[in-house]
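Here the structure comes first, spelled out in structure tokens, and everything after it is commentary.
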Amino acid sequence: METGHYRALLLDLPLEGVAEPARSWWYRRVAARAEADGDDGDRPGCDRPEDYWPGVAHFQLTTPVPGGRVPFTYGALLPSQPPEALDRRPSPGTRPP
């Protein structure tokens with residue numbers, strides 16, 4: 001960040017792992033926005049979940065971001081390495097899941 005002001009936060013976020021396009025917020029937000037806009041969704045072959053998939057298994061918040069500035073804003077964490085390669089052991093001093 002250009003300002004030089006940084007914050008470090010320890011957060012306990014409710015996350016879920018996602019490995020299927022139809023379960024991802026990347027697709028579900030498009031469906032929710034279309035419904036809110038009055039789109040009947042009658043376009044066979046269009047708006048498939050795969051069209052919005054970020055291409056990698058990832059983690060996402062279990063609910064939309066409260067107070068999001070844009071309707072249907074969702075939190076997603078895309079890993080820099082495959083999730084199956086992550087060390088699942090708890091860090092020292094943390095509570096178990």
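Quick note: numbers below take in every heavy atom, side chains included, and nothing from hydrogens, waters or symmetry partners. If you read the sequence from its start, that first residue is 1, and numbering goes on from there. Just so it is clear, the structure is predicted and the values come from calculations on it, not from any experiment.
Shown here are the side-chain contact (heavy atoms from CB on, under 4.5 Å) partners of Leu78, two or more places apart in sequence or in another chain: Trp26, Pro54, Val56, His58, Ala76.
Nearest heavy-atom pair, Arg23 versus Gln60, reported as atom, atom and distance to 0.1 Å: O-NE2, 3.0 Å.
Residues Leu15 and Leu61 meet the side-chain proximity criterion, which asks for heavy atoms closer than 4.5 Å.
A side chain to side chain contact (heavy atoms under 4.5 Å, CB included) with Val18 is found for one member of Phe59, Trp25, Trp53 and no other, namely Trp53.
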